Structures are given as structure tokens and as C-alpha cells.
Amino acid sequence: MPTLTVSPEIAAGAVALRRDLHAHPELGFAEHRTAGIVAERLTALGLEVHTGIGGTGVVAILSGAQPGATIMLRADMDALPMTEENDVPYVSQNAGVTHACGHDAHVAMLLGAATILRASAAEIRGRIAFVFQPAEEGGGGARAMLDDGLIARFAIERAYGQHIVTMVPSGVFGLRPGPLMASVDSFDLVVEGRGGHGAMPNNAIDPVVIAADVVTSMQRVVSREIDPLEPAVLTIGAINGGTTYNVIPPRVALKGTVRSFSDATRSAMEAGIRRIAEHTCAAAKATCALDWHPSYPVTANDPTEAAFVRAALAAEFGEARVLESPPVMGSEDFSYYAQVVPACFWFLGAGDATHTFPNHHPAFDIDEKALVAGIAAYATVALAKTSR
Ligand SMILES: [Zn+2]
Ligand SMILES: [Zn+2]
């Protein structure tokens with residue numbers, strides 16, 4: 001039984017704002033224009049607004065009519081360093097920067113929800129913290145906000161977040177209790193050989209051939225060392241070396257990403273990759289330098305909170321629009337909030353026949369009708385949690 005109405009004005013405002021943010025994307029920790037708009041809108045709603053948290057983060061507090069716990073709703077604000085390939089009126093105006101992950105929509109939806117919840121303050125017990133976070137795309141903006149005292153400063157006891165995805169039909173939600181998204185680590189690997197003439201490889205140590213060996217051998221960590229029932233991904237996303245046909249370059253540089261769902265797999269992946277890289281290089285008289293960059297942990301939903309969110313969304317939107325999501329190998333720095341307070345993260349579908357490109361694709365775009373569902377979802381979960 002739907003109980004919450006997103007007015008046509010709020011819906012139209014969210015579309016307009018999402019298009020404005022889409023046209024003016026900003027990279028992590030540089031979301032100055034975006035954060036400025038967010039702070040201005042939240043101030044206009046009469047909320048208590050705090051800026052500059054964890055860099056460009058913004059937090060607004062809505063106090064309900066009755067005392068109670070504080071929960072947070074989160075939206076991330078940053079865009080990706082890539083060039084948009086869409087022919088739309090709101091195409092990115094910032095060269096090499098694109099909202100290809102829907103964070104523009106997250107901001108617009110959370111501001112829409114803040115407008116609705118502000119009008120419902122009389123029903124609310126406790127407080128709602130609207131958290132607009134910088135730098136989700138690799139920068140760890142959530143970590144920065146936590147390190148800036150987010151939880152203690154606002155006495156936050158629960159955290160909720162949603163992510164727009166085109167792999168799910170528009171207006172449909174997906175979530176699961178427990179691990180939802182993978183941990184991520186990345187690494188730089190340099191194979192150091194000895195350069196020389198392409199016609200005399202015996203006088204050189206060819207890092208191209210060695211790097212090729214390293215790339216294929218490292219996949220054996222996944223296929224031969226990790227439990228086949230444990231998810232693990234190793235992708236080499238970049239391999240750079242050499243300049244022309246007949247020169248053996250002195251070195252080759254590789255960049256890789258690793259995804260997993262447990263601490264044991266995570267450390268086994270690092271150990272295996274390091275061992276195979278070092279020994280493959282040594283066997284060919286080369287050396288290697290591996291620089292490991294630990295990144296986001298597994299995003300795990302608190303089972304009680306996931307059941308609560310699922311029930312609240314099903315009551316509002318109907319059971320058919322709330323699906324059990326499989327775990328996905330993508331990663332999220334919402335995981336850091338979930339490590340410190342009971343939390344739930346869910347997916348909001350925004351795909352349809354004309355919006356089929358996945359998140360992070362240069363032609364990623366969304367069915368904007370999903371914005372209404374996202375606004376209502378934030379507001380529904382917050383009201384269900386605070387109005388009892
Ligand atoms: Zn992303
Ligand atoms: Zn994202």
C-alpha cells in the first residue's frame with residue numbers, strides 16, 4: 001500500500017538538478033560546485049547544514065518532533081575521469097569528466113527526499129542526517145568523512161544508501177542481507193628487464209615476453225589456488241611498454257585490480273600475485289616491483305537492516321519491485337559506514353530499452369523516471385525507521 005507521494009514539482013526539480021549536475025561533473029574531492037548547490041538547497045529547507053566534512057562533504061540534520069536515534073541517508077557526489085559519449089542536451093561540459101555512475105542522480109534524489117522528510121518532521125522521532133559524500137570513485141570519501149568524525153559528531157546509529165544501476169529494470173530495487181559488493185585492491189607492477197636491439201634478444205632481458213608470462217600465470221591464483229566456491233577476480237587493466245618495432249624496452253608497467261568477498265581470499269590473492277610475479281621475473285633474469293594498494297572492504301548489509309529495508313520498500317512499491325540481488329563484484333566505499341554502524345545498501349534500477357549501457361560506460365545514461373522511485377525509497381526507509 002503506497003503511502004508516500006512524490007509531488008510533480010519535486011520530481012521535476014530532481015530531473016532538472018540531475019541534468020544540471022550531469023552537465024557540470026566534478027572529480028572526487030573537487031566537488032565544489034556540487035557541494036555548494038547541495039548546501040544551498042539544504043539551507044533553504046531550513047536544515048542545520050555542515051560543510052567541509054572529509055573535504056567537500058556536506059551533512060544536513062533534520063530534527064524530528066520527538067527525540068530518538070539519528071540515522072543517515074547517503075549520496076555520493078563525484079564523477080569519473082572519462083569522456084562522455086552521449087548526444088543529450090545535458091552532456092558533460094567538463095572535458096574528460098563524466099557522471100557515468102549515476103552519482104548526479106543520487107544527489108538529486110537525496111535532496112528530493114530531504115524536501116519530503118522536512119515536510120514530515122512532525123511524524124519523525126529522532127534525527128535524519130543527510131550525508132553528501134565526496135570521492136566514492138577510488139578516493140575513499142566515506143573514509144575521509146568517518147576520519148573527520150562523522151559518526152560521533154552527529155551520533156549516527158544507522159546508515160542507508162542506494163546506487164542507481166542500469167543492469168536492473170527502471171524502478172525495481174535489488175538488495176540482499178550480508179555481503180552485497182566485493183572488496184577491491186589494486187596494484188602497480190613494473191617488470192624490469194634490460195633493453196636492447198630487437199634483433200638480438202640474447203643480449204637483452206625482454207620484459208614484454210616476461211610480462212606476458214606474468215599476466216597469464218597470475219590468473220592461476222584464481223583458477224588453481226582460490227577455493228572454486230569463493231568469488232575472486234583478477235583483471236589487468238593496463239599494460240604499457242615499448243615504443244617501436246625493433247627495440248626491446250627496458251621495462252613494462254602493468255596495472256591490475258583484484259576483487260574478493262573474504263579477508264582470507266583477499267590476502268591469498270595478494271600473496272599469490274606477488275609470489276608468481278616475483279618468481280616469474282626471477283626465472284627470466286628480470287626483477288619486478290609490486291606496489292599494492294589496499295582499497296575498499298566488502299560491502300556487507302546488516303541482516304536485520306536488510307530485512308527491514310526490504311519490508312519497507314515492498315510495502316511501498318509492492319513485492320514485485322523488490323528483488324533479492326546476487327552479490328556483485330563491483331565495490332563501494334559505503335562499506336566503511338557498514339563497518340561501524342548497522343547499515344543497508346541497495347540497488348535502484350534505471351535501465352530500460354533506451355538506457356542499456358552499464359555504469360562506467362562512456363554512453364551511460366538513465367531512465368529519469370527512476371528518480372521518483374529513488375526519492376520515495378530514501379524517504380520511505382527513513383520514515384519507516386523514525387516514525388514508529
Ligand atoms: Zn562507479
Ligand atoms: Zn557509483
Side-chain angles (χ1 to χ4, degrees), residues 18 21-22 25-31 34-35 38 54-57 73-86 92 94 96-110 131-145 159-168 170 173-175 180-186 233 235 237 255 257-259 293 295-299 301 325 327-338 343-351 355-368 370-371 373-374 377-378:
R18 181 257 161 178
L21 297 175
H22 193 90
E26 296 172 300
L27 293 176
F29 293 123
E31 308 93 333
T34 307
V38 165
T56 44
L73 302 175
R74 176 268 213 166
D76 40 12
M77 302 188 287
D78 58 319
L80 285 155
M82 55 190 281
T83 300
E84 182 164 17
E85 293 176 12
N86 275 316
S92 171
N94 295 350
V97 186
T98 304
H99 266 300
C101 202
H103 300 185
D104 48 352
H106 300 169
V107 171
M109 292 188 300
L110 188 52
V131 175
F132 294 82
Q133 179 208 300
E136 191 286 323
E137 297 287 0
R143 184 74 265 157
M145 291 192 87
Y160 305 95
Q162 65 181 337
H163 205 301
I164 210 153
V165 290
T166 47
M167 66 187 177
V168 174
S170 187
F173 299 92
L175 74 155
L180 176 68
M181 300 181 78
S183 67
V184 54
D185 300 308
S186 59
V233 171
T235 292
K255 291 178 184 291
T257 186
V258 171
R259 311 294 169 117
H293 315 297
S295 190
Y296 305 160
V298 170
T299 304
N301 283 334
S325 173
V328 300
M329 298 310 289
S331 306
E332 246 296 332
D333 74 352
F334 185 84
S335 49
Y336 290 118
Y337 304 121
C344 182
F345 194 69
W346 63 90
F347 299 122
L348 163 61
H355 301 97
T356 58
F357 292 107
N359 295 52
H360 291 206
H361 189 284
F364 173 82
D365 200 4
I366 61 165
D367 172 31
E368 290 174 325
L371 297 179
Y378 274 132

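These values consider heavy atoms only, across backbone and side chains, with no hydrogens, waters or symmetry-generated copies. Note that the coordinates shown come from a computational prediction; the quantities given were computed from them, not determined experimentally. Numbering of ligands and ligand atoms starts at 1, following listing order.
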Would you call the rings of Y336 and Y296 parallel, tilted or perpendicular, taking 30° and 60° as the class edges?
perpendicular

Could you tell me if H22 and D104 have a donor-acceptor pair between their side chains, going purely by distance under 3.5 Å?
yes

Under 3.5 Å, is there a donor-acceptor pair linking the side chains of T34 and E26?
yes

Is the shortest side-chain N to carboxylate O distance from R18 to D367 below 4.0 Å?
no

Short N/O/S contact of E136 with the Zn ion (ligand 1) (below 2.8 Å):
no

Assess H103: does it contribute an N, O or S atom lying under 2.8 Å from the Zn ion (ligand 2)?
yes

For the atoms OE2 of E137 and SG of C101, give the angle they form at the Zn ion (ligand 1), rounded to 10 degrees.
100°

